[in-house]
Amino acid sequence: ALGVLANSQGTMNNLTFGNDEYQYYETICGGAGAGDGFDGADAVQTHMTNSLLTDPEVLEHRFPVRLNHFSVREGSGGLGRYQGGCGVVRELVFLVPMTINILSERRSSPPKGLAGGGDGACGVNEVIRCDGTVEPLQGRDSVKVMPGDCIRIQTPGGGGYGSSDQPNE
């Protein structure tokens, strides 16, 4: 609104899963927008602060899930004189039947760049079934999973700032 910072990921990526015995809720970080003189931060909470993910060892000990993958989503930040921050890729494999709910935005409309900077990448939600079938999910969706099924969430990157043909000072 003030023209000083490109769009950040634009969502909190709310993920819940559970059944009659277990319930879990987390928000998943993404990319921050770049500004005049600085790149956006990778893999940060931009819309809900004071929020941390559960340590993988604790998550796997308390819940029948396995953290299969968690990394920076390289290349998801918008290009520009200053790059937007990158989102993350997070994959959870389920060991018992569960219901998953995802509440996320920026799945079809990217985080916008500013002052000639490029847009960040849209987020992607999908379930990878144990037979290898990939089922795309909407930004707001609910799905039942069975043992061996995996949810993959790729969070949006932040927008870039300034034209990339201008050198940094």
(message) Do N14 and T27 pair up side chain to side chain, a donor and an acceptor below 3.5 Å, judged on atom types alone?
(response) no
(request) Keeping the roles fixed (side chain from T155, backbone from C29), state whether a donor-acceptor pair exists under 3.5 Å. (result) yes
(request) Could you tell me whether the side chain of D131 and the main chain of T133 form a donor-acceptor pair under 3.5 Å? (result) yes
(request) Would you check if S76 and E74 make a side-chain contact, meaning some heavy-atom pair closer than 4.5 Å? (result) no
(request) For D42 and C86, indicate whether the former's side chain and the latter's backbone hold a donor-acceptor pair under 3.5 Å. (result) yes
(message) Within the structure provided, determine whether V127 and C150 are in side-chain contact (heavy-atom separation under 4.5 Å).
(response) no
(request) Evaluate the criterion salt bridge (charged side-chain N to carboxylate O under 4.0 Å, His left out) for residue pair R152 and E126; output intermediate values, then yes/no. (result) CA-CA 5 Å; R152 177 187 300 143; E126 53 197 4; 2.7 Å; yes
(request) Determine, using the 4.5 Å side-chain heavy-atom cutoff (strictly less than), whether F70 and V44 are members of one ILVMFWY cluster. (result) no
(request) Indicate the atoms forming the closest heavy-atom contact of A6 with K112, along with that distance. (result) CB-O, 3.6 Å
(request) Hey, could you give me the OG1/CE distance between T16 and M98, rounded to the nearest 0.5 Å? (result) 11.0 Å
(request) First locate atom CZ of F17, then atom CZ of F63, and finally report the distance between them rounded to the nearest 0.5 Å. (result) 6.0 Å
(request) Over all heavy atoms of both residues, which pair between P156 and G123 is shortest? Give the atoms and the distance, please. (result) CG-N, 3.7 Å
(message) If I take atom CG from residue L103 and atom OG1 from residue T11, how far apart are they, to the nearest 0.5 angstrom?
(response) 6.5 Å
(request) Treat each ILVMFWY residue as a node, draw an edge where side-chain heavy atoms are under 4.5 Å apart, and state whether I128 and I153 are in one component. (result) no
(message) Check this for me: Q138, atom CD, are more than 12 non-hydrogen atoms of other residues, nucleotides or ligands nearer than 6.0 Å?
(response) no
(message) Whether the Y24 and E26 side chains hold a donor-acceptor pair (N or O, under 3.5 Å, no angle test) is what I'd like checked.
(response) yes
(message) For L53 and R90: C-alpha separation, side-chain torsions, deciding distance, then whether side chain to side chain contact (heavy atoms under 4.5 Å, CB included) applies.
(response) CA-CA 11 Å; L53 285 171; R90 187 162 174 88; 3.7 Å; yes
(message) I'd like to check R73 versus V124 (side-chain heavy atoms, cut-off strictly below 4.5 Å). Are they in contact?
(response) yes
(request) Indicate, with yes or no, if L137 and V65 share a hydrophobic cluster defined by side-chain heavy-atom contacts under 4.5 Å among Ile, Leu, Val, Met, Phe, Trp and Tyr. (result) yes
(request) Indicate yes or no for a side-chain donor-acceptor contact from D141 to the backbone of I102 under 3.5 Å, with no hydrogens or angles considered. (result) no
(request) Answer whether the closest heavy-atom distance between the side chains of L67 and E60 falls below 4.5 Å. (result) yes
(request) Could you pull out the closest heavy-atom pair between R129 and V143, with the gap in Å? (result) NH2-CG2, 3.4 Å
(request) Establish, from distance only, whether the side-chain atoms of Q9 and N13 form a donor-acceptor pair under 3.5 Å. (result) yes
(request) Return the minimal non-hydrogen interatomic distance between V72 and A43, and the atom names on each side. (result) CG2-CB, 4.4 Å
(request) Enter the distance from S104:OG to L15:CG here, rounded to the nearest 0.5 Å. (result) 9.5 Å
(request) Only one of V93, L92, V89 passes side-chain contact (heavy atoms from CB on, under 4.5 Å) with H69; say which it is. (result) V89
(message) Testing the basics here: between T99 and S142, what is the closest heavy-atom pair and its distance to 0.1 Å?
(response) CG2-OG, 3.7 Å
(request) Report yes or no: does N19 contribute a side-chain atom to a donor-acceptor pair with the main-chain N or O of P97 at less than 3.5 Å? (result) yes
(message) Between C122 and R107, is the side chain to side chain contact (heavy atoms under 4.5 Å, CB included) condition met? List the steps.
(response) CA-CA 5 Å; C122 288; R107 274 25 190 194; 5.7 Å; no
(request) Look at the aromatic rings of Y82 and Y161 and report parallel, tilted or perpendicular, splitting at 30° and 60°. (result) tilted
(request) Return the minimal non-hydrogen interatomic distance between S8 and A32, and the atom names on each side. (result) CB-CA, 3.9 Å
(request) Group every Ile, Leu, Val, Met, Phe, Trp and Tyr by side-chain heavy-atom contacts under 4.5 Å, then state whether Y22 and L59 land in the same group. (result) yes
(request) Taking N7 for its side chain and G159 for its backbone only, find out whether a donor-acceptor pair lies under 3.5 Å. (result) no
(request) Measure the spacing between CZ of F94 and CD1 of I100 and express it to the nearest 0.5 Å. (result) 3.5 Å
(request) Measure the CD1-CD distance between I28 and Q154 for me, rounded to the nearest 0.5 Å. (result) 11.5 Å
(request) Would you check if C130 and D149 make a side-chain contact, meaning some heavy-atom pair closer than 4.5 Å? (result) yes
